[in-house]
Amino acid sequence: GYQILLVAAGGALGALSRFGISAFSYHFLSTRTAWGTLKANLIGCLLIGMVFALIDQRQVFGPSERLFLMTGFLGAMTTFSTYALESVQFIRGGEVGLAVLNLAANNLAGVALVLVGIWLDIEFSGLNLQPISLSQYPVGPQVIAGVDHFRVDPKGQRVTFKLVNC
């Protein structure tokens with residue numbers, strides 16, 4: 001039950017993030033191309049690289065946070081199926097060049113940003129990130145624990161995450 005709620009809560013926030021990114025891109029950029037999907041995928045690739053490094057190399061997050069962040073939030077925010085459909089629609093509309101560009105940009109830039117996310121963790125590994133656990137906070141239908149903000153102490157030696165109920 002608890003794991004399903006973590007994935008669902010993360011998924012809801014990820015889907016809302018994707019919607020916001022797409023709506024912003026549609027409003028301010030071209031409606032002819034798939035900018036919103038590309039941005040969501042690339043941001044998601046960068047974030048998943050960073051989160052993966054924090055989990056795999058530094059054990060900052062545990063299994064509950066992995067479910068919330070990677071499976072829920074990033075799984076819903078990144079949009080592989082949508083980008084694949086958009087690529088097919090470009091081909092069906094006779095815009096093969098846009099389809100190839102869309103496929104290449106999502107895949108090549110996505111892999112590059114996963115690597116950048118891992119590199120960022122290595123670059124900033126001097127920061128002493130303290131493990132946090134969502135399991136110590138009550139999670140129920142009315143209360144979902146989330147990260148409100150983080151701060152770095154004045155000496156830059158420690159990052160503190162503040163968990164609040166949203």
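Predicted model only: the values in this text are computed from it and were never measured.
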Practice item. Decide side-chain contact (heavy atoms from CB on, under 4.5 Å) for F24 and K39; before the verdict, give the C-alpha distance in whole Å, the side-chain angles of both, and the deciding distance to 0.1 Å. Key: CA-CA 10 Å; F24 177 86; K39 284 182 180 181; 4.2 Å; yes
Practice item. Please step through side-chain contact (heavy atoms from CB on, under 4.5 Å) for the pair I118 and Q57, ending with a clear verdict. Key: CA-CA 9 Å; I118 292 169; Q57 298 171 13; 3.8 Å; yes
Practice item. Apply side chain to side chain donor-acceptor pair (under 3.5 Å) to the pair N41 and T78, showing each step before the final yes or no. Key: CA-CA 5 Å; N41 284 341; T78 57; 4.9 Å; no
Review point. How far apart are the C-alpha atoms of L13 and M77, what are their side-chain angles, what is the distance that settles it, and do they pass the side-chain contact (heavy atoms from CB on, under 4.5 Å) test?
Key: CA-CA 8 Å; L13 293 174; M77 190 184 95; over 6 Å; no
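Counting side-chain heavy-atom gaps under 4.5 Å among Ile, Leu, Val, Met, Phe, Trp and Tyr, V88 is found in no cluster with other residues.
F90 places none of its side-chain heavy atoms less than 4.5 Å from the side chain of V100.
With sequence neighbours left out, the side chain to side chain donor-acceptor pair (under 3.5 Å) criterion links S17 to no other residue. For L42, the side-chain contact (heavy atoms from CB on, under 4.5 Å) partners at least two apart in sequence or on another chain are L38, A109, L113. The side-chain contact (heavy atoms from CB on, under 4.5 Å) test applied to S22 returns R18, not counting sequence neighbours. In this structure, F19 has no ring pair (Phe, Tyr, Trp, His ring centres under 6.0 Å) partners at least two apart in sequence or on a different chain.
Heavy atoms of other residues, nucleotides or ligands lying less than 6.0 angstrom from CG of L108 number more than 12. Other residues, nucleotides and ligands contribute at most 12 non-hydrogen atoms within 6.0 Å of the CD atom of Q3.
Distance CG/L67 to CZ/F73: 15.5 Å, rounded to 0.5 Å. Note that the CG atom of L69 and the CD1 atom of I55 stand 6.5 Å from one another [nearest 0.5 Å]. Atom OG1 of T71 is separated from atom CD of E65 by 12.0 Å, given to the nearest 0.5 angstrom.
Tracing side-chain contacts under 4.5 Å through hydrophobic residues (I, L, V, M, F, W, Y), one never reaches I91 starting from L101; they form parts of separate clusters.
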Donor-acceptor contacts under 3.5 Å from residues 45-54 side chains, at least two apart:
none

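Judged by distance alone, the side chain of N102 and the main-chain N or O of L98 form no donor-acceptor pair under 3.5 Å.
Summarising the geometry of Y2 relative to S64, their closest heavy-atom pair is CE2-OG, 3.7 Å, with the distance given to 0.1 Å. Across all non-hydrogen atoms, the minimal contact from A76 to G11 is CB-O, 3.2 Å.
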